[in-house]
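Below: the structure, in structure tokens.
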Amino acid sequence: MATKSTDYNFHDIEPHWQTFWEKNRSFCAENDSARPKYYVLDMFPYPSGSGLHIGHPEGYTATDIIARYKRARGFNVLHPIGWDAFGLPAEQHAVKTGTHPASNTQNNIVNFKRQIKALGFSYDWEREIDTTDPKYFRWTQWIFLQLFKRGLAYVDERPVWWCPELRTVLANEEVIEGRSEVGGFPVERRNLRQWVLRITAYAERLLADLKEVDWPESTKRMQEAWIGRSEGAEILFPLEHPTAGTLKIFTTRPDTLFGCTYMVIAPEHPLVDTLTSKAQAPAVEAYRKKASAKSDLERTDLAKEKSGVFTGSFAINPVNGQRVPVWIADYVLMGYGTGAIMAVPGQDERDWEFAELYQLPIVRTVQPPADFRGKAFLEDGPALNSANAEVSLNGLHIDAAKSTIIGWLERKGFGTRRVNYKLRDWLFSRQRYWGEPFPIAWVSEADYAKAKLGRSDLPAEPVTFVQGGVIHFALPLPDEALPLVLPEVQSYLPSGTGESPLANETTWLEVWLDFKTGKAVPASAPKPMGDRWVRARRETNTMPQWAGSCWYYLRFLDPRNDRALASSAALQYWGTPDLYVGGAEHAVLHLLYARFWHKVLFDLGVVPPSEPFKKLFHQGIILGEDGEKMSKSRGNVVNPDSIIASHGTDTLRLYLMFLGPLEAMKPWNPRGIEGVHRFLQKVWREMIAADGSVSAKISATGTDTPEVSKLLHETIKKVGDDIENLRFNTAISQMMIFVNALQKAPRFGRDTAAKFLQLLAPFAPHIAEELWERLGNSGSVMAATWPTFDAGKLASSEVKLVFQVNGKHRGDQFVPVGTTQEVALDLARANSRVSPYLEGKVVKRVVFVPGKILNIVVD
RNA sequence: GCCCGGGUGGUGGAAUGGUAGACACUAGGGACUUAAAAUCCCUUGCUCGAAAGGGCGUGCGGGUUCGAGUCCCGCCCCGGGUACCA
């Protein structure tokens, strides 16, 4: 039943149809359907306190158009939404207000849900998920346990930002120019015990499988660069120091080994203390302290001033026996390669700069061309100065020189061929409250041994860490003990020791644990009877927000399942999303982490395909009216609520799509809203007369003018093609062209109007439903099969041929389709606008593109 | 710094290597109206010209091509990511 409005009253129409859809469960996907499936997924939002950002409905409108279009094409469409609700802002809010982050998060979710529902998206709300719901994160914890059992999780000391004044760990975002965002206190790097996931074990597959996915090339390139595969060699440099042994370095340019004139190790390198001479000790210590305050980004900035300090020790270059000094410099990172490099200033810009600064020798081992004026020479060329009694690289180019020297190093036992990745293992823990607790308890060596006898699901190698000389063993909770929920805490403030607030919750933390069932009682209570009870301290770290978003696309398939993350039937039927839409800011981290987890689940046999996201699309950012990024501080934020109130959600949806290409970054322009709103009003006026009845121009039996008929078929074709390619802006402009033609036409058929409404429905579904019903069609417009176009109606008998002389447009003329070059040339010579340019000229060449262009090249 | 994008009228943008500026917005003019709003019609890249028509024009400088917004090389500027914001 349509509304009663005589004019385009979106205030009535939009809620009316939203209620209709909800009552009819119009968008619920069926898990067992004979229809082909289509799964279209949005990157689910973090429900922040400030509500929906205008960027959210941009991407969500795009996927909604696809979802509605695919339904009309006969697909069983899965289009779900949920909440990525763990995270830093909720934690900060909790610290500030003392209220539980869960309550604040729930408030935000209510607000987000209200806003999203007002936009009329065709989500299947029966599949809504929330990463902070124990029923959800039970499976996040389960996946972590699978990683743990496979030896893909370990514990290590890793540097984090530490603020001594606030006595807390800070996120990168909370550190601004070396000071805490809150209070402006100085911060430093400090090593803390962290969980780390062995994503590097999957580096090769993460790289290779990029070939299998339909993603933007730029995103694939970014992931490739991030994984950063490089082939080179590991080389052992003997050290002069009597007990230090050898220094292992990685280089991508082993061919330049003869040009190594010094070595550099990272300030955190384990050999620093051994190699530092007494005389150099104060300088080295001061340098390490300074380096510890810098981020990797600051340290590796090529433009920054190089700095370093000599250790006082020497290594021996294995290829020529030369003594080379060992330096410490912060541009070498412990996390990449071996944390040590051989410096070859002749072929490396940073090394050259460093060598100039500290007056270290420079030897060229690749011959630059005669006209080369630069410093370090990075290109290919014949090697020089590169021979010893056994091997000579002289004259060889890079590739040949590399394999020759690696062969020699391997024979002599000085090194090996080696593939290295920039990708580092994933730091997977946070010293925060608002995250998934790790399902891990720390026990003594003896208790771990006891548990091992009664458990078959422990990793091959135990995960341990040493504290105060005592080895602690990580005992995973058994699957049936999940979920491990967060305890209520007195304070959300960090513990002050670097541990999370959970460290203060003694009754939760210190327990007697049944290693078989995972049941626990507080350690303060007497030890229960039975020999499976061991003394345990729970893990106080929580998981990062990435954890929940790494696998949520799988939970939508079967969101209420309490026996598995999803049933295998659901996993088989739906597979993975056919289309995934979200911001390019996730090009690396989220999309790489999710691929990693997916591959682990694939190896476990849980998921059928080896890649999670077949086709990916990034929507661009919507900037503020001033062309700057939207932010509260700039005061240029647009709230979707106010647009819905003033113009309606159909207008907002249409406007967001008309603004420009989906992938482009584009500024918000409030004037443009009027334009699309006028378009919808025009659509209304063409179909509904002033009294609310159907327009007199439309008749059930009436025929279209030839112009309208041809344009309708062109529009069906273009809108369909454009939706398939996510080019919504041009689809809308085509619909505008069509409606402009309707307006000029004296009459058109009801059938024509109905087909047009079907095209409009994915974009502006509310007005389309309303008009569809008023024109006397039954059921929902979305239940109707997508219209098809008649290719015969698209053909025209004449085309415009453009005449060019020397590539310049000099005239044009309509010619019959199939006009030959000879005829076209005669027409051009006879054309009064073209002929003057041909007079007295010799025709050198004629380029003819049938039906398009005739270019006459003259002297 | 490194990796990845982007730059076209007054504005958002359109354009399989083939007429640059579709579709909108803004502005100006006109129609309707007692008036206004709404709606409809015309004009709207810059420039020379009475007009017909010409010249110039896609961030800057080169190049490839019969023909370049589109491809290549070198710059400039703006944006995203940079591993604890998500």
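Naming convention: chains lettered A, B, ... in sequence-line order (proteins, then strands); numbering from 1 in each chain. Because the structure is predicted, anything quoted here is derived from the model rather than measured.
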Out of B/C84, B/U39, B/C56, minimum distance to the side chain of A/Lys808 belongs to B/C56
Can you tell me, in whole Å, how much space there is between the C1' of B/G5 and that of B/G55? 36 Å
Given the options A/Thr168, A/Thr540, A/Asn541, A/Gln431 meets side chain to side chain donor-acceptor pair (under 3.5 Å) only with A/Asn541
To the nearest angstrom, the CZ-C1' distance between A/Arg198 and B/A83 comes to 18 Å
(Q) By the 4.0 Å heavy-atom rule, please label A/Arg158 as base, sugar-phosphate, or nothing. (A) nothing
Each nucleotide of nucleotides 18-29 of chain B classed B (base within 4.0 Å of a protein heavy atom), S (only sugar-phosphate) or -, in 5' to 3' order, makes BB--BBSSS---
If pairing means Watson-Crick or G-U wobble with both distances under 3.5 Å, then the partner of B/C2 is B/G81
Worksheet item: Please walk me through it: do A/Phe613 and A/Tyr553 pass ring pair (Phe, Tyr, Trp, His ring centres under 6.0 Å)?
Response: CA-CA 9 Å; A/Phe613 310 120; A/Tyr553 57 95; 4.9 Å; yes
The residue, A/Ser218 or A/Gln431, whose nearest nucleotide of RNA chain B is more 5′ is A/Ser218
A/Tyr837 atom OH is separated from B/G54 atom C1', nearest whole Å, by 7 Å
Among B/G12, B/G81, B/C66, the one nearest any side-chain atom of A/Arg845 is B/C66
Which whole number of Å gives the distance between the P atom of B/G61 and that of B/C76?
15 Å
Please classify the nucleic acid contact of A/Ala171 as base, sugar-phosphate, or nothing, using heavy-atom distances under 4.0 Å. base
Give A/Leu427 one of three labels, base, sugar-phosphate or nothing, depending on what nucleic acid heavy atoms sit under 4.0 Å from its own. base
Assess A/Arg810 against A/Tyr837: is NZ or CZ under 6.0 Å from the centre of the six-membered ring, and within 45 degrees of the ring's axis?
-> yes
Considering only atom C1', compute the distance from B/A20 to B/G67 and round it to an integer number of Å. 14 Å
Practice item. Indicate, with a heavy-atom threshold strictly under 4.0 Å, whether A/Gln194 touches base, sugar-phosphate, or nothing. Key: base
Taken to the nearest whole Å, CZ/A/Arg221 to C1'/B/C4 is 8 Å
note: A/Asn806, atom CG; B/G67, atom C1'; distance rounded to Å ~ 10 Å
When rounded to whole Å, the CD to C1' distance for the pair A/Glu686 and B/U39 reads 11 Å
From CD1 of A/Ile227 across to C1' of B/C3 the rounded distance in Å is 13 Å
Paired to B/A68 by Watson-Crick or G-U wobble criteria (both distances under 3.5 Å) is none
**Asked** Expressed in whole Å, how much space separates the P atoms belonging to B/A15 and B/U65?
**Response** 28 Å
### Message
Please classify the nucleic acid contact of A/Trp226 as base, sugar-phosphate, or nothing, using heavy-atom distances under 4.0 Å.
### Response
base
Inset, instruction - Could you give the distance separating B/C41 and B/U64 at their C1' atoms, to the nearest angstrom? - result: 47 Å
Could you tell me whether A/Trp546 contacts a base, only the sugar-phosphate backbone, or nothing, with contacts defined as non-hydrogen atoms closer than 4.0 Å? base
- prompt: Does NZ or CZ of A/Arg595 lie under 6.0 Å from the centre of the six-membered ring of A/Trp546, at an angle within 45° of the ring axis?
  reply: no
For a 4.5 angstrom cut-off between non-hydrogen side-chain atoms, does A/Trp597 reach A/Thr140? yes
Tell me whether A/Arg189 forms a cation-pi arrangement with A/Trp161, defined as NZ or CZ under 6.0 Å from the six-membered ring centre and within 45 degrees of its axis.
yes
Between OH of A/Tyr331 and C1' of B/C2 the distance, given in whole Å, is 16 Å
If pairing means Watson-Crick or G-U wobble with both distances under 3.5 Å, then the partner of B/C40 is B/G30
For a quick check of understanding: with a heavy-atom distance under 4.0 Å over all strands, which category does A/Ser429 fall into, base, sugar-phosphate or nothing? base
As its Watson-Crick or G-U partner within any shown strand, both distances under 3.5 Å, B/C46 has B/G55
Judged by whether its glycosidic angle lies within 90° of 0, B/G69 is anti
Report task. Please examine the side chains of A/Met735 and A/Leu760, heavy atoms only from C-beta on, and report whether any two atoms are closer than 4.5 Å. Result -> yes
Margin query: Could you check whether A/His647 and A/Glu674, counting side-chain N and O atoms only, form a donor-acceptor pair closer than 3.5 Å?
Written below: yes
Re B/A24: Watson-Crick or G-U wobble partner, both distances kept under 3.5 Å, found to be B/U11
Between A/Phe137 and A/Pro437 the two heavy atoms that sit nearest each other are CE1-CD, 4.2 Å
RNA chain B nearest-nucleotide lookup for A/Tyr655 and A/Arg685: closer to the 5′ end is A/Tyr655
*asked:* Measuring only the C1' atom in each nucleotide, how far is B/C73 from B/G54? A whole number of Å is fine.
replied: 34 Å
Which is true for A/Lys744 with a 4.0 Å heavy-atom rule: it touches a base, it touches only sugar-phosphate, or it touches nothing? sugar-phosphate
Margin query: If only side-chain N and O atoms count, and only distance matters, is there a donor-acceptor pair under 3.5 Å linking A/Thr131 with A/Trp83?
Written below: no
When rounded to whole Å, the CG to P distance for the pair A/Leu662 and B/G13 reads 13 Å
Inset, instruction - Just call it for A/His586: base, sugar-phosphate, or nothing, with non-hydrogen atoms closer than 4.0 Å on any strand. - result: base
What nucleic acid atoms does A/Pro661 come within less than 4.0 Å of, heavy atoms only: base, sugar-phosphate, or nothing? sugar-phosphate
- Message: Suppose you measure atom P in B/G17 against the same atom in B/G69; what distance do you get, rounded to whole Å?
- Response: 13 Å
field: C1'-based separation of B/A37 from B/U44 [nearest Å]
entry: 24 Å
